[in-house]
Amino acid sequence: MQREAHSGEQVTEFILVGFPGPAGFHAGLLALFSLAYALTVTENALIVAVIRVSPALHKPMYVFLGHLSFLELWYVSVTEPKMLLGLAAPRFRRISFAGCMAQLYFFLALACTECALLGVMAYDRYVAICRPLRYPVVMSGRLCRLLAAGSWLSGFSVSLGKVFFISRLGYCGPNVMNHFFCDVSPLLNLACSDMSRAELVDFLLALLVLLGPLLLTVLSYGAIVSAVLRARSAAGRRKAFSTCAAHLAVVLVFYSASLFIYARPRAIYSFDFNKLVSVVYTVLTPLLNPIIYCLRNREVKDALRKAAGRAAWALGARS
């Protein structure tokens with residue numbers, strides 16, 4: 001029997017509602033999300049390994065793609081295992097206050113890092129298309145390492161302040177959270193402090209975190225579109241567009257969901273609809289990102305085929 005914290009008590013744990021429904025519905029979701037999680041981990045681990053062992057992919061674009069795939073491995077592992085356990089048995093829907101804040105921190109840190117990486121990848125495509133002769137000089141190995149490290153450092157640093165602010169709010173009950181993981185908006189909804197200022201700060205922080213990399217992405221693609229339209233041949237335009245179409249698709253899905261959840265007035269709010277949107281960027285997007293990149297990229301597909309061939313040969317020689 002789940003017990004809510006009474007008003008006035010300091011909350012020491014939260015109860016995640018997850019996805020309400022009968023046992024059969026939960027069993028179906030458990031099977032579906034377990035398959036999605038296994039595929040996501042396998043796909044992203046495969047991309048990280050192939051980029052690492054393939055000299056042909058030791059280029060800035062693929063270095064950043066490797067970082068993105070490595071990030072996705074951890075991103076899905078922050079939320080999905082707990083969600084799967086909650087679907088398997090109600091007792092796993094409980095999460096301690098410290099565990100909730102830890103989950104929130106790593107989720108936000110990885111999401112912010114992804115924002116920064118997507119911006120860096122857009123800048124890389126801008127230099128490749130708009131400054132092709134200077135590309136090897138501008139996107140040097142040293143700059144790539146700095147940009148990748150800066151993305152991780154900024155994501156984990158910005159999130160630290162945000163989670164510290166949220167953890168300092170008073171939580172005195174109820175402790176039932178209408179979500180499947182600890183996220184910003186459900187936590188703010190449960191806080192018993194004066195929320196007007198907290199919601200304003202959260203809204204402004206979300207805009208700052210999301211709009212900085214988004215502005216870099218928009219400016220980069222604005223310059224890319226201008227360069228593509230000036231290309232003299234249709235073949236040149238197709239080639240230029242094909243080099244960034246996969247990245248643009250990922251950017252559109254990621255930012256559409258993120259801006260909808262984190263950067264809109266609370267007047268337009270529905271927790272049940274939020275959970276559906278959250279599934280898009282916590283389950284669906286990490287699952288589809290490797291497929292989008294691999295299906296749209298000949299070099300990645302060639303490297304995967306060669307790696308598969310080497311693995312098959314090694315297994316055959318061993319047997």
Side-chain angles (χ1 to χ4, degrees), residues 14-45 68-69 71-90 92-95 99-100 102-115 117-118 155 159 176-190 202 206 209-210 249-264 266 268-293:
F14 295 102
I15 299 168
L16 300 170
V17 171
F19 301 92
F25 176 67
H26 284 172
L29 286 181
L30 179 61
L32 184 63
F33 288 149
S34 296
L35 177 62
Y37 179 64
L39 286 174
T40 302
V41 170
T42 303
E43 290 168 355
N44 284 289
L68 184 63
S69 292
L71 181 148
E72 298 282 27
L73 284 171
W74 296 105
Y75 185 71
V76 296
S77 297
V78 168
T79 57
E80 289 192 40
K82 182 65 177 176
M83 175 184 68
L84 294 174
L85 287 172
L87 287 169
F92 292 119
R93 293 175 197 162
R94 294 179 176 274
I95 184 169
C100 185
Q103 185 185 55
L104 177 66
Y105 171 66
F106 284 107
F107 174 76
L108 289 179
L110 291 167
C112 292
T113 302
E114 183 163 356
C115 285
L117 279 174
L118 290 174
S159 302
V176 177
M177 190 183 303
N178 190 12
H179 215 316
F180 58 89
F181 70 98
C182 290
D183 203 358
V184 176
S185 297
L187 279 166
L188 291 181
N189 191 62
L190 292 178
D202 176 63
V209 169
L210 290 171
V250 170
V251 166
L252 289 173
V253 173
F254 178 83
Y255 275 107
S256 298
S258 299
L259 288 170
F260 179 83
I261 292 290
Y262 296 110
R264 64 185 165 132
R266 291 189 50 95
I268 350 173
Y269 205 84
S270 163
F271 278 115
D272 290 329
F273 188 60
N274 272 11
K275 281 191 280 190
L276 293 177
V277 178
S278 295
V279 168
V280 170
Y281 66 80
T282 58
V283 179
L284 193 60
T285 303
L287 172 66
L288 294 180
N289 281 357
I291 298 172
I292 293 171
Y293 277 117

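In this text, all values refer to a predicted model and were calculated from it rather than measured experimentally.
The line from CG of L108 to OH of Y105 is 9.5 Å long, rounded to the nearest 0.5 Å. L39 contributes atom CG, which lies 11.0 Å from atom OG of S34 (distance to the nearest 0.5 angstrom).
Counting only distance, with no hydrogens or angles, the side chain of E114 and the backbone of L68 share no donor-acceptor pair below 3.5 Å.
Listed by chain and residue number, nothing satisfies the side chain to side chain donor-acceptor pair (under 3.5 Å) test with T42 (two or more places apart in sequence, or in another chain).
Side-chain contact between V279 and F180 is present, with at least one heavy-atom pair separated by less than 4.5 Å. Residues V17 and K275 have side chains in contact (heavy-atom distance under 4.5 Å, counting atoms from C-beta outward). Contact check for S278 versus F181: side-chain heavy atoms found under the 4.5 Å cut-off. In this structure, the side chains of P290 and E72 stay at 4.5 Å or more apart for every pair of heavy atoms. Side-chain contact between V76 and V283 is absent, with no heavy-atom pair separated by less than 4.5 Å.
A ring-centre distance under 6.0 Å is found for Y75 and F107.
Applying the side-chain hydrogen bond (donor to acceptor under 3.5 Å, both in side chains) rule to pairs touching residues 76-86 yields Y37-S77, sequence neighbours excluded.
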Under 3.5 Å, which donor-acceptor pairs do the side chains of residues 21-32 form with other protein atoms, sequence neighbours left out?
{"from": "H26", "atom 1": "ND1", "to": "R93", "atom 2": "NH2", "distance (Å)": "3.4"}
{"from": "H26", "atom 1": "NE2", "to": "F19", "atom 2": "O", "distance (Å)": "2.5"}

